[in-house]
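Structure record follows, encoded as structure tokens.
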Amino acid sequence: MKDHQKIPSKKKPSQPNEYLKYTGLAFQLFGVIAVFTYIGYLIDEKLMGGKTIFLIVFMLLGTFGSLYQLYRSLPK
């Protein structure tokens, strides 16, 4: 075998890839909570005239949904 030929080695993913994965996950979690909160706000404005019942319910749904999504995406 010639010296200039190298056998490709199987490396673990580099550390920056892990940081990017979890940074993207944080933005995704924030986005889900923000969208659910905004939907609750719109429903409250349309139906309730300023009461915040749907806002709180949808914000909690978004939070629990985001936490469940986080739980599923973490390595076992």
Show me, pair by pair, the donor-acceptor contacts under 3.5 angstrom made by side chains of residues 54-73, not counting sequence neighbours?
unit_1 : atom_1 : unit_2 : atom_2 : d
T63    : OG1    : M59    : O      : 2.8
S66    : OG     : L29    : O      : 3.4
S66    : OG     : G62    : O      : 2.9
S73    : OG     : Q69    : O      : 3.4
S73    : OG     : L70    : O      : 3.0

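We find the CD-OG1 distance between E45 and T52 to be 10.5 Å, quoted to the nearest 0.5 Å. Atom CG of residue L74 and atom CG of residue L25 lie 7.0 Å apart, to the nearest 0.5 angstrom.
Criterion: ILVMFWY side-chain heavy atoms under 4.5 Å apart, direct or through other members. Under it, V35 and V32 are part of a common hydrophobic cluster. Hydrophobic clustering of Ile, Leu, Val, Met, Phe, Trp and Tyr side chains at less than 4.5 Å, counting indirect connections, unites L47 with I53.
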Review point. Does the side chain to side chain contact (heavy atoms under 4.5 Å, CB included) test come out yes or no for K46 and I43, once each step is laid out?
Key: CA-CA 5 Å; K46 189 82 167 173; I43 293 172; 5.8 Å; no

